[in-house]
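Notes follow once the structure below has been shown.
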Amino acid sequence: MRATILDGSRKDDTTLNGVRQILAEELLAVGWEVQPFILHQIKIAYCLGCFECWTRTPGVCRIDDPARNITAAIIRSDLVVYLTPVTFGGYSSELKKALDRSIGLVSPFFASIDGEIHHQRRYARYPRLLGIGGLLHADAESERLFSGLVARNALNVHAPAYAAGTLIVTAGPDAIRATIRPLLRAVEVC
Amino acid sequence: MITPRNALLLVGSAKKSESTSASLGSYLAERLQQYRLTVQTVHLHQVFRTATRTAALLEAVDRADLVILAFPLYVDTLPYLVTSALEQMAEHRRGLGETAQQLVAIANCGFPEAHHNDMALAICRRFAQEARFEWAGGLALGMGGAINGQPLAEAGGPARNAIAALDQAAEALATGHCVPEQAIKLMARPSIPHWLYLLFSNWGWRRQARRYGVHNRLKARPYQP
């Protein structure tokens, strides 16, 4: 089983390094392979909104840069983890840049899912989705928004299971593990 | 509440042309100009090319009585360009006390249901709180593909509700008020039947693919494990 961790920490922000390390340890301990991408260290362009990944080179972004590798890693995984500083309740720009570039993973065509319109699948199977957001202090509104956003993403990227949670980045390793373990169980990692 | 004298329109689409975000934002800007507001427009894709332009953007934000954020929905939330701009604006404004500056957001998506934009607008509202803006409201448009970057005045029936909503929004914003609930509802109201929009959308994707000679490969799985 393979997990891809997309670490959306902004440059010079090291507060999620410990979380990423503990997360990787927990996954390795149950026999998973782990591929982390520390996104601010990878030079990728932002999505141009051209939709050519749907209409000209189906499934592949026209921009030939490492975002293609990240997109491929996502769909070849059993679990993808969005690890990000919670930013106004959502994702950091670093994470968002990578996610925007991955829309070729779904089809341009629409389908109704539970009475709401979404994009059809391109692939037969998709990874489970786990969102982990880092906060400097407890913030119920940010937690609510973050969980809501991961839930919406899970629907649109056809994740067969998903979970979302936030943690205080200054918490100690035991507290971080105590937050991560139930989330991993929720996405059936252990 | 103050009566704004100037506004800053931030267009968050990465597209250089045919941007529905620009269409919606420009229409609101024109209406505000009729109420004698001065409006400056900045396309965020042009801003981050140089530090000078980024600094100029932050100064323009500081000067604006009203900031209008118009953007497309990408992957359920704000696109990278807008997220990055908001991060920089929040950092720039950290430590600022209460201000009378207002922020209004206009989100549009290609899904027929406008409520797909709700999460993005909630994030904008949260940004407003953190960056010391007064939240003046969020307008959500579905079926953005039906406008497809045309000026609203030329987009016909699909733009009818958006025009009426933005007329109401402009009248309120020009006098320092929040976007009325009626305008929010009007903007979200479908201007054409769902089935017709879906029919045209799916046909449109095939037509574009045919132009590139790949209409038989639209369901390709290039990264199939």
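Convention: sequence-line order gives letters A, B, ...; per-chain numbering from 1. Predicted model, so just to flag it, every value in this text is computed and none were measured.
Counting heavy-atom pairs under 4.5 Å between each of A:L95, A:L149, A:V106, A:V60 and chain B puts A:L149 at the top.
To the nearest 0.5 Å, atom CD1 of residue B:I123 and atom CZ of residue A:F146 are 10.0 Å apart.
For A:A73, no part sits under 4.5 Å from any heavy atom of chain B, backbone or side chain. Heavy atoms closer than 4.5 Å to chain B are found in the side chain of A:I103, but not in its backbone. For B:L78, the part lying near chain A is the backbone, with the side chain staying farther off; criterion is any non-hydrogen pair under 4.5 Å.
Within 6.0 Å of CG in B:L96 there are more than 12 heavy atoms belonging to other residues, nucleotides or ligands. Residue B:F200 qualifies as open at atom CZ: its count of foreign heavy atoms under 6.0 Å is 12 or below.
With sequence neighbours left out, B:A159 forms a side-chain contact (heavy atoms from CB on, under 4.5 Å) with B:I147, B:L152, B:A155, B:I163.
Residue A:C47 comes nearest to B:A14 through the heavy atom pair O-CB, 3.4 Å, listed as atom of the first residue, atom of the second, then distance.
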N/O donor-acceptor pairs between chain A and chain B, cut-off 3.5 Å:
| residue | atom | partner | partner atom | Å |
| --- | --- | --- | --- | --- |
| A:R10 | NE | B:E87 | OE1 | 3.2 |
| A:R76 | NE | B:Y223 | O | 3.3 |
| A:S93 | N | B:E87 | OE2 | 2.8 |
| A:S93 | OG | B:E87 | OE1 | 2.6 |
| A:S93 | OG | B:E87 | OE2 | 3.4 |
| A:K96 | NZ | B:Y74 | O | 2.7 |
| A:K96 | NZ | B:L78 | O | 2.8 |
| A:D100 | OD2 | B:Y80 | N | 2.8 |
| A:P108 | O | B:W205 | NE1 | 3.2 |
| A:F110 | N | B:N202 | OD1 | 3.3 |
| A:E116 | OE2 | B:H115 | NE2 | 2.5 |
| A:I117 | N | B:E113 | OE2 | 2.8 |
| A:I117 | O | B:H116 | NE2 | 3.2 |
| A:R122 | O | B:R221 | NE | 2.6 |
| A:R122 | O | B:R221 | NH2 | 3.4 |
| A:R122 | NH1 | B:L218 | O | 2.9 |
| A:R122 | NH1 | B:A220 | O | 2.8 |
| A:Y123 | OH | B:Y223 | N | 2.9 |
| A:D139 | OD1 | B:R126 | NH1 | 3.3 |
| A:D139 | OD2 | B:R126 | NH1 | 3.4 |
| A:D139 | OD2 | B:R126 | NH2 | 2.6 |
| A:R152 | NH2 | B:H116 | ND1 | 3.1 |
| A:N153 | N | B:D76 | OD2 | 3.4 |
| A:N153 | ND2 | B:V75 | O | 3.2 |
| A:N153 | ND2 | B:D76 | OD2 | 2.7 |
| A:N156 | ND2 | B:D76 | OD1 | 2.4 |
| A:N156 | ND2 | B:D76 | OD2 | 3.1 |

